[in-house]
Amino acid sequence: MIDLRLLREDPELIRASQRLRGESTDLVDALLRADEERRAATQRFEALRAEQNSLSKQVPRASGDEKAALLARTKELAGEVKAAAAATSAADDTLRQAQLAVPNIVQDGVPPGGEDDFVVLREVGDRPVIENPKDHLEIGEALKAIDTERGAKVSGSRFYFLTGVGALLQLGMLQMAINQAVEHGFTPSITPSMVKPESMEGTGFLGAHASEVYRLEADDLYLVGTSEVALAAYHASEILDLEAGPMRYAGWSSCYRREAGSYGKDVRGILRVHQFDKVEMFSFCKPEQAAEEHQKLLAMEEEMLAKVEIPYRVIDVAAGDLGSSATRKFDCEAWVPSQERYREVTSTSNCTTFQARRLNIRYRDADGKPQTAATLNGTLATTRWLIPILENHQQPDGSVRVPKALQPYLGGRDVFEPAR
RNA sequence: GGAGGACUCGCCUAGUGGCCGAUGGCGCCGGUCUUGAAAACCGGUAUGGGGAAACUCAUCGUGGGUUCGAAUCCCACGUCCUCCGCCA
């Protein structure tokens, strides 16, 4: 949610941001109107309520005719107050809806435009020279590491089994991610993968992407698409102590995505699946620290990518592709030899106070006054990483070299041989 | 699944229809005293909204209801605890 004070002071700032995103400025004007109306409704209600309170106080002291007159008036007032209260709460709802409709303000420097208008910040690592590269599924099947056929048999399309070295590789990689996070002072966390509607709503995943989310009707719960949801909601309605610096978490969870509307897209292998595992970083900090923290999360991602020895590039995502909560977003895209292109493997977003405002997450400023905190998130490793790991390290004989940093997590193995 | 009990300001607690945004203790912050500290004493110590301000409104798990008036009465829900049953 946008800060309403900022909206009142400088609506043009928000209109400009909307234009950068390629979205309508009407939403901003609707929000301004809703804000205006809510304040008017509030004032009407409060005037009536104040009168009611003061007359009510006189009732016990009055007697006889005076009391009867007072009661008659207060009785009448009670009805008016009730009506005014209803109008106020309707105005509150309208305001909230209008506020939810306006995305975060785009940070200065974000490239304008849509999905294809990102700016490449850097390319890191040398792409391996591989003749007729096999894709990850072919490699994974040969290693008996990935089984999408049985995934489909058991659960349907976009499901898979990781078996043998595939299972070990994923566990090792995620363990390595957790260890790195711990080294950097993050609190390792294993989080619920089912959450209440308000947690889902609070993190902003029930907006434009509601159709991406699995809902458990019978229990009124949602399956999370990332542990960001649980980690963000973890401190909901709390006042955090951020004096010692940002509070950082690394959440390990399974993630669930419906992938509605992506029929026929990336259907082969495990690039786009309904369920995967992920270690996600999440930071709570003061707003003035957020941009620096964003760089820190990006550096964490790059450190992981270096450890698995994958060539990648970092992109500065364009305004129109930011999603509603982010003010800026950097993706790391790994080189996928079989596709001869880069594919997203991490994403880190600076949500400034946008998400925390919804979730009512605050800290105390130098004057001891509560202020809305900033939140940021970023990917440290996911199942999808297995794709560039397998493909970039494939050998002509069908084996796969294990990156050095990963070897300790795999009992010292330095190569995966195809199963006989 | 069934039967009970509880939910108040960081923590513990008082409060059974108007004088309660709410008592007291602990903790915390500031001050006095002290070479310094402790102790003692004094003062302060929820959050949000509206308003230029004076001020005002809301919040006692959540949402409804009764009433001129609700922390207090009624209903529903949630969470936690105890017991019984059932399943790991």
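Quick note on labels: first sequence line is chain A, next is B, and so on, each numbered from 1.
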For [N] versus [M], give the span between their [atom1] atoms, rounded off to a whole number of Å.
N: B:G27; M: B:C75; atom1: C1'; value: 39 Å
N: B:A39; M: B:G51; atom1: C1'; value: 47 Å
N: B:C80; M: B:C28; atom1: C1'; value: 28 Å
N: B:A71; M: B:A22; atom1: C1'; value: 8 Å
N: B:U62; M: B:U79; atom1: C1'; value: 10 Å
N: B:G17; M: B:A3; atom1: P; value: 30 Å
N: B:G64; M: B:U59; atom1: P; value: 11 Å
N: B:G44; M: B:A58; atom1: C1'; value: 24 Å

Pairing check on [N]: which nucleotide meets the Watson-Crick or G-U wobble criteria with it, both distances under 3.5 Å?
N: B:G21; answer: none
N: B:U66; answer: none
N: B:G48; answer: B:C57
N: B:A6; answer: B:U79
N: B:A88; answer: none
N: B:A37; answer: none

Hey, could you give me the NZ/OG distance between A:Lys153 and A:Ser155, rounded to the nearest 0.5 Å?
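The NZ atom of A:Lys153 sits 11.0 Å away from the OG atom of A:Ser155.
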Is any NZ, NE, NH1 or NH2 atom of the basic residue among A:Glu212 and A:Arg257 found under 4.0 Å from an Asp or Glu carboxylate oxygen of the other?
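Salt bridge between A:Glu212 and A:Arg257, a charged N being under 4.0 Å from a carboxylate O: no.
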Less than 4.0 angstrom from a charged side-chain N to a carboxylate O is my criterion; do A:Asp316 and A:Lys329 meet it?
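Answer for the salt bridge query: no.
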Would you tabulate the pairs of protein nitrogen or oxygen atoms and nucleotide nitrogen or oxygen atoms of nucleotides 48-51 of chain B closer than 3.5 angstrom?
unit_1: B:G48; atom_1: OP1; unit_2: A:Arg362; atom_2: NH1; d: 3.2
unit_1: B:G49; atom_1: O3'; unit_2: A:Arg38; atom_2: NH2; d: 3.4
unit_1: B:G49; atom_1: N2; unit_2: A:Glu46; atom_2: OE1; d: 2.4
unit_1: B:G49; atom_1: N2; unit_2: A:Glu46; atom_2: OE2; d: 2.4
unit_1: B:G50; atom_1: OP1; unit_2: A:Arg8; atom_2: NH2; d: 2.9
unit_1: B:G50; atom_1: O2'; unit_2: A:Gln43; atom_2: NE2; d: 2.8
unit_1: B:G51; atom_1: OP1; unit_2: A:Arg39; atom_2: NH1; d: 3.1

Backbone N/O of A:Arg357 and side chain of A:Thr372: donor-acceptor pair under 3.5 Å
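No, because the side chain of A:Thr372 does not come within donor-acceptor range (under 3.5 Å) of the backbone of A:Arg357.
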Donor-acceptor pair, distance only, cut-off 3.5 Å: does the side chain of A:Ser325 make one with the backbone of A:Gln355?
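No: the side chain of A:Ser325 does not pair with the backbone of A:Gln355.
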Using whole Å, report how far [atom1] of [X] lies from [atom2] of [N].
X: A:Asn360; N: B:A46; atom1: CG; atom2: P; value: 17 Å
X: A:Asp92; N: B:U59; atom1: CG; atom2: P; value: 13 Å
X: A:Lys57; N: B:A70; atom1: NZ; atom2: C1'; value: 14 Å
X: A:Asp241; N: B:C28; atom1: CG; atom2: P; value: 15 Å
X: A:Glu243; N: B:C28; atom1: CD; atom2: P; value: 18 Å
X: A:Glu238; N: B:C9; atom1: CD; atom2: C1'; value: 17 Å

A:Trp385 and A:Gln170, any side-chain heavy atoms less than 4.5 Å apart
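A side-chain contact under 4.5 Å is absent here.
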Would you say the side-chain atoms of A:Asp365 and A:Gln371 include a donor-acceptor pair closer than 3.5 Å?
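Per modelled atom types, A:Asp365 and A:Gln371 side chains form a pair under 3.5 Å.
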How would you label the contact of A:Arg357 with the nucleic acid (heavy atoms, under 4.0 Å): base, sugar-phosphate, or nothing?
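Nothing: the residue A:Arg357, judged by heavy atoms under 4.0 Å, touches no strand.
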Among A:Asn350, A:Thr327, A:Thr352, which residue meets the side chain to side chain donor-acceptor pair (under 3.5 Å) test with A:Asn104?
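One option only clears the test, and that one is A:Thr352.
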Does atom CD (A:Glu115) have a neighbourhood of more than 12 heavy atoms from anything else shown, all under 6.0 Å?
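Atom CD in A:Glu115 is not crowded, with 12 or fewer foreign heavy atoms closer than 6.0 Å.
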Short heteroatom pairs, N/O only, protein and nucleotides 61-69 of chain B, under 3.5 Å:
unit_1: B:U66; atom_1: OP2; unit_2: A:Lys82; atom_2: NZ; d: 3.3
unit_1: B:C68; atom_1: OP1; unit_2: A:Lys75; atom_2: NZ; d: 2.9
unit_1: B:C68; atom_1: O4'; unit_2: A:Thr74; atom_2: OG1; d: 3.3
unit_1: B:G69; atom_1: O4'; unit_2: A:Ser56; atom_2: OG; d: 3.3

RNA chain B: A:Pro60 or A:Ile239, which has the more 5' nearest nucleotide?
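The residue closer to the strand's 5' end, by nearest nucleotide, is A:Pro60.
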Closest contact, heavy atoms only, A:Thr379 versus A:Thr382
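Nearest pair, atom of A:Thr379 first, then A:Thr382: CG2-CG2, 3.2 Å.
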Close N or O pairs between protein and nucleotides 73-78 of chain B (under 3.5 Å):
none

Test applied, ring-ring contact (aromatic ring centres under 6.0 Å, His included); reference residue, A:Tyr249; option that passes from A:Phe186, A:Phe282, A:Tyr234
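Exactly one pass, corresponding to A:Tyr234.
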Specify whether A:Phe159 and A:His274 have parallel, tilted or perpendicular ring planes, treating 30° as the upper limit for parallel and 60° as the lower limit for perpendicular.
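Geometry flag for A:His274 against A:Phe159: tilted rings.
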Please step through salt bridge (Lys or Arg N to Asp or Glu O under 4.0 Å) for the pair A:Glu12 and A:Arg15, ending with a clear verdict.
CA-CA 5 Å; A:Glu12 193 45 44; A:Arg15 288 197 195 96; 3.1 Å; yes
